[in-house]
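Below: one structure, written as structure tokens.
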Amino acid sequence: MPELPEVETVVRGLQAQLPGRRIVEVRFGKTDFVVNPAAIEQHLPGRRIGAVRRFGKFLLVECSAADPAGRRDAAAGAATKRAVGRATKGAVEQATKGAKENDALLVHLGMTGQLTIAAASAPVAPHTHAFFALDDGREVRYTDIRRFGRMELLRNGERERALGALGLDPLEANEEEFSRILGSRNARVKALLLDQHVLRGVGNIYADESLWRARVHPMRTGDALRPEEVRRLYRALQATLREAIRLRGSSVSDYVDAEGARGEFQLRHCVYQREGKKCFRCGAKIRRAIVAGRSSHFCPRCQKAPRKRHGSSKK
DNA sequence: CTTACGGCCTGGGTGC
DNA sequence: TGCACCCAGGCCGTAA
């Protein structure tokens, strides 16, 4: 399941390969996951790729302005070089400064989406539904078994609509911000961690792993957390995400990076998909329960359940 | 407004 | 061999 660390890993892989390359052709298989495939087919061929960045679990592939066939190569290359240095920050912030936004391909990998770079002659994996042929004989391919992913071309002025409602990046937020947005909420902390309008990029794996690490039960509510618990959760979340990025993500089912390689953080999971196994900290059996509509894995001894549930609407 | 919940999308894996 | 069913995560609609 691509969450923040997996998307970050894919972004870094693409960022290392794509800037400066020209897209020469776009081909689609099934298109039910694409917002406006005709617009993509019409506008992307001929464009040069700029920076590739992550925004929560979304990927943005920036493209140059339309550039009449083959001219201005040197200028485009120079612009690309400048873009390389500042990869992941401020896709929306940049937009609000009034500067013209580059067109960008927005991709969400859903559960089983993969973006890989391959030689155009390489065998095509099943369920590959989009091909972006490059000017060097390679192509970027989008493979998605379940097609829960999403793809859309964002043109000038569309980023705010697409991304503006997303919450804080958990790696950029400071402790005060984190505490403010969680501490004011009566919802279960598991639901808050998963809510992309609260924090952008956290999914089920990293929510469960962080809660275990912080020794916070997923059914606790945000406003019932003691300050030291919020602090532990903040630190656990960042440490978990950073370690997962270092290990190139968790490959629990289909996830691979831009080179097609699996990650290794699944080998470090302490609770996720470890139901019935021993807690690494205390030896109790890890349990699974549905919280916020999602499978939640936790240690019933290390992570103390809340006694009761305050009504959310009644008093 | 906030929160909770159910349904939907799809197809791989499982169990009979 | 086939087939019904469960499940994954994001998102949206609805209800309280």
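To find a chain, count down the sequence lines: A is the first, B the second, and so on, and within it residues start at 1. Source: prediction; values computed, not measured.
Stem analysis of DNA chain C (at least three stacked-register Watson-Crick or G-U pairs, each with both distances under 3.5 Å) gives B:2-16 with C:2-16.
Residue A/H127 places at least one side-chain N or O closer than 4.0 Å to OP1 or OP2 of B/dG12. The phosphate of C/dA8 has OP1 or OP2 within less than 4.0 Å of a side-chain N or O from A/S295. Listed pair A/Y272 / C/dG9 meets the phosphate criterion, a side-chain N or O lying under 4.0 Å from OP1 or OP2. Contact annotation: A/R146 side-chain N/O to C/dG9 OP1/OP2 distance is not under 4.0 Å. Taking 4.0 angstrom as the limit, A/R288 places a side-chain polar atom (N or O) nearer than this to OP1 or OP2 of C/dA8.
A residue-by-residue look at A/K30 and A/A292 shows that A/A292 has its nearest nucleotide of DNA chain B further toward the 5' end. Between A/R185 and A/R294, the one whose closest nucleotide on DNA chain B sits nearer the 5' end is A/R185.
For A/T116, the side chain to side chain donor-acceptor pair (under 3.5 Å) test picks out no residue, with sequence neighbours left out. Partners of A/A207 under the side-chain contact (heavy atoms from CB on, under 4.5 Å) rule, at least two apart in sequence or in another chain, are A/K190, A/L193, A/L194, A/V202. Residues satisfying the side chain to side chain donor-acceptor pair (under 3.5 Å) criterion with A/N174, sequence neighbours excluded, are absent altogether. Applying the side chain to side chain donor-acceptor pair (under 3.5 Å) rule to A/S295 yields the partners A/R288; only residues at least two apart in sequence or on another chain are considered. In this structure, A/R294 has no side chain to side chain donor-acceptor pair (under 3.5 Å) partners at least two apart in sequence or on a different chain.
The aromatic rings of A/F28 and A/F33 lie perpendicular to each other, with more than 60° between the two planes, well past the 30° mark.
Computed from coordinates, the A/L109 CG to C/dG9 P distance equals 14 Å when rounded to whole Å. One atom, CD of A/E275, and another, C1' of C/dC7, lie 13 Å apart when rounded to the nearest Å. Distance CD (A/E3) to C1' (C/dG9): 9 Å, rounded to an integer number of Å. A/M219 places its CE atom 13 Å from the C1' atom of B/dC5, with the value rounded to the nearest Å. One atom, CG of A/L193, and another, P of B/dT3, lie 14 Å apart when rounded to the nearest Å. Distance A/D144 CG to C/dG9 P: 14 Å, rounded to the nearest Å. Spacing between atom CD of A/Q196 and atom P of C/dG9 amounts to 12 Å, rounded to whole angstrom units. Distance A/R147 CZ to B/dC8 P: 18 Å, rounded to the nearest Å.
Residue ring and nucleobase are not stacked for A/F148 and C/dA8 under a centre distance beneath 5.5 angstrom and an angle between planes beneath 30°.
Aromatic pair A/F265/A/Y206: centroids less than 6.0 angstrom apart.
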Please list every donor-acceptor pair under 3.5 Å in which a side-chain atom of residues 103-115 of chain A meets a protein atom from a residue at least two apart or in another chain.
from	atom 1	to	atom 2	distance (Å)
A/D103	OD2	A/R47	NH1	3.4
A/D103	OD2	A/R47	NH2	3.1
A/D103	OD2	A/R155	NE	3.3
A/D103	OD2	A/R155	NH2	3.4
A/H108	ND1	A/G110	N	2.9
A/T112	OG1	A/D144	OD1	2.5
A/T112	OG1	A/I145	N	3.4
A/T112	OG1	A/R146	N	3.0
A/Q114	NE2	A/D254	O	2.6

Side chains of residues 224-232 of chain A: which donor-acceptor partners sit under 3.5 Å, not counting sequence neighbours?
from	atom 1	to	atom 2	distance (Å)
A/R226	NH1	A/E228	OE2	2.6
A/R226	NH2	A/E229	OE2	3.1
A/E229	OE1	A/R220	NH2	2.8
A/E229	OE1	A/R226	N	2.8
A/E229	OE2	A/R220	NH1	3.0
A/R231	NH1	A/E175	OE1	3.1
A/R231	NH1	A/E175	OE2	3.0
A/R232	NE	A/A214	O	2.8
A/R232	NH2	A/A214	O	3.2

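A/D32 comes within 4.0 angstrom of the backbone, heavy atoms only, and of no base.
Taking every heavy atom of residues 203-214 of chain A and every atom of DNA chain B, no pair lies under 4.0 Å.
Ion pairing between a basic and an acidic side chain is recognised when a charged N comes within 4.0 Å of a carboxylate O; A/R138 and A/D136 show such pairing.
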